[in-house]
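What follows is a short report on a single structure.
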Amino acid sequence: VDIHSGQQRQLIDRNFNNEHRVTRMLTPYHSFFSTIEESETDDIYIQEYLPSSGGSHPGSYNLLRLNTTTGITRQIERPGRVTSWRLDNHGLPRIATTFDKGVSTTWLRDDKNNQWNKLFEFAERNANMIFPWGFGPDGQFYVTARQGKDLAALYRYDLEKNRIETEPVVAQDGYDFDGNLIFNRS
């Protein structure tokens, strides 16, 4: 885990037992999320699952920055009960989706003031929902949506104008788009 010293250390206990908890090891409610693209850091992002308190609310996730050498975590500020996180092309948390009282809201973190700003929201199971997909290496934000059609396609989303582009980047005849974004970073 420690790329600078080459030493390995287990960070998450997948056989968690409250009676025999290993110190300085995270519980199974934590899982690896992403590396951090800074050359001189031993940090990674992990998700901490927070089970639902009942009702129709799904569980949510804290996003934590974990130093793999010291074991110290720092929670990333969140705009509410986050059900999904997206990192930008620099490995920074930029998109969070929350779900509350039947409404799914997608938020964008402003790099300048570190504030979460609402991008869009939809009532649950709305045919016009937009789903955040990810960022390209150029910073372009991609989403999936139906845009009044029967099937979902991949679209660019203009963060400056806060709107989806009209033409899809990828649309598959007879199928919803459900793929991964693959980019050449060179």
Side-chain angles (χ1 to χ4, degrees), residues 31-38 44-52 55-65 75-186:
S31 60
F32 173 76
F33 187 72
S34 177
T35 57
I36 296 176
E37 294 187 22
E38 295 174 12
I44 61 172
Y45 286 115
I46 59 170
Q47 290 188 121
E48 174 185 31
Y49 179 68
L50 305 169
S52 172
S56 62
H57 290 286
S60 62
Y61 295 92
N62 283 330
L63 187 64
L64 307 172
R65 187 170 173 149
Q75 182 176 327
I76 304 302
E77 182 183 341
R78 60 188 189 144
R81 293 178 50 87
V82 175
T83 57
S84 173
W85 292 93
R86 295 286 186 265
L87 305 180
D88 66 11
N89 54 323
H90 300 292
L92 300 174
R94 287 285 307 281
I95 299 289
T97 301
T98 60
F99 184 80
D100 189 35
K101 299 178 183 162
V103 176
S104 176
T105 306
T106 297
W107 304 82
L108 171 69
R109 187 180 56 77
D110 185 325
D111 281 340
K112 295 178 181 107
N113 62 18
N114 240 6
Q115 296 291 317
W116 289 101
N117 300 308
K118 188 185 305 182
L119 278 180
F120 43 82
E121 69 180 6
F122 296 94
E124 186 177 22
R125 296 184 185 97
N126 183 319
N128 295 316
M129 282 186 80
I130 299 172
F131 297 94
W133 209 254
F135 288 90
D138 59 353
Q140 178 63 59
F141 181 51
Y142 294 90
V143 298
T144 56
R146 295 188 187 282
Q147 292 293 85
K149 299 177 179 126
D150 285 340
L151 301 169
L154 182 71
Y155 292 86
R156 288 183 185 92
Y157 191 94
D158 188 327
L159 293 172
E160 296 290 323
K161 296 178 182 173
N162 196 23
R163 66 181 168 94
I164 194 170
E165 292 188 0
T166 55
E167 294 299 315
V169 176
V170 177
Q172 301 168 297
D173 287 338
Y175 298 94
D176 286 320
F177 174 82
D178 187 24
N180 292 314
L181 302 177
I182 301 172
F183 296 99
N184 182 349
R185 293 192 185 262
S186 57

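Nearest heavy-atom pair across Thr83 and Gly59 is CG2-O, 3.8 Å. The two residues Leu63 and Pro93 have their closest heavy-atom pair at CD2-CG, 3.7 Å. Among all heavy-atom pairs drawn from Gly179 and Trp133, the shortest one is O-CZ2, 3.0 Å. Between Lys118 and Trp107 the shortest heavy-atom distance is N-CE3, 3.4 Å. Taking every heavy atom of both residues into account, Asn89 and Pro137 meet most closely at ND2-O, 2.6 Å. The minimum heavy-atom distance linking Glu77 with Trp85 is given by the pair O-CH2, 3.9 Å.
To the nearest 0.5 angstrom, Arg94 atom CZ is 9.5 Å from Phe141 atom CZ. Considering CZ of Phe135 and NE2 of His90, their distance stands at 10.0 Å, rounded to 0.5 Å. To the nearest 0.5 Å, atoms CZ (Arg109) and CG (Leu87) are separated by 10.0 Å. Interatomic distance, Asp178 CG to Leu151 CG, rounded to the nearest 0.5 Å: 12.5 Å. In this structure, the separation between CG on Leu119 and OG1 on Thr106 is 7.0 Å, given to the nearest 0.5 Å. Atom-to-atom distance recorded for Ile76:CD1 and Gln47:CD is 12.0 Å, nearest 0.5 angstrom.
Under the side-chain hydrogen bond (donor to acceptor under 3.5 Å, both in side chains) criterion, the residue pairs touching residues 151-164 are Tyr157-Asn162, with sequence neighbours excluded.
Contact annotation: the side chain of Pro168 never approaches that of Gln147 to less than 4.5 Å [non-hydrogen atoms, C-beta and beyond]. Side-chain atoms of Tyr61 and Ile46, non-hydrogen and from C-beta on, never get closer than 4.5 Å to each other. Put simply, the side chain of Asn62 reaches to within 4.5 Å of the side chain of Leu50, judged on heavy atoms. In this structure, the side chains of Arg81 and Phe99 stay at 4.5 Å or more apart for every pair of heavy atoms.
When Asp176, Asn128, Ile130 are each tested for a side-chain contact (heavy atoms from CB on, under 4.5 Å) with Arg146, only one passes: Asp176.
For Glu167, the side-chain contact (heavy atoms from CB on, under 4.5 Å) test picks out no residue, with sequence neighbours left out. Shown here are the side-chain hydrogen bond (donor to acceptor under 3.5 Å, both in side chains) partners of Ser104, two or more places apart in sequence or in another chain: there are none.
Heavy-atom neighbours of Asn113 CG from other residues, nucleotides or ligands within 6.0 Å: above the threshold of 12.
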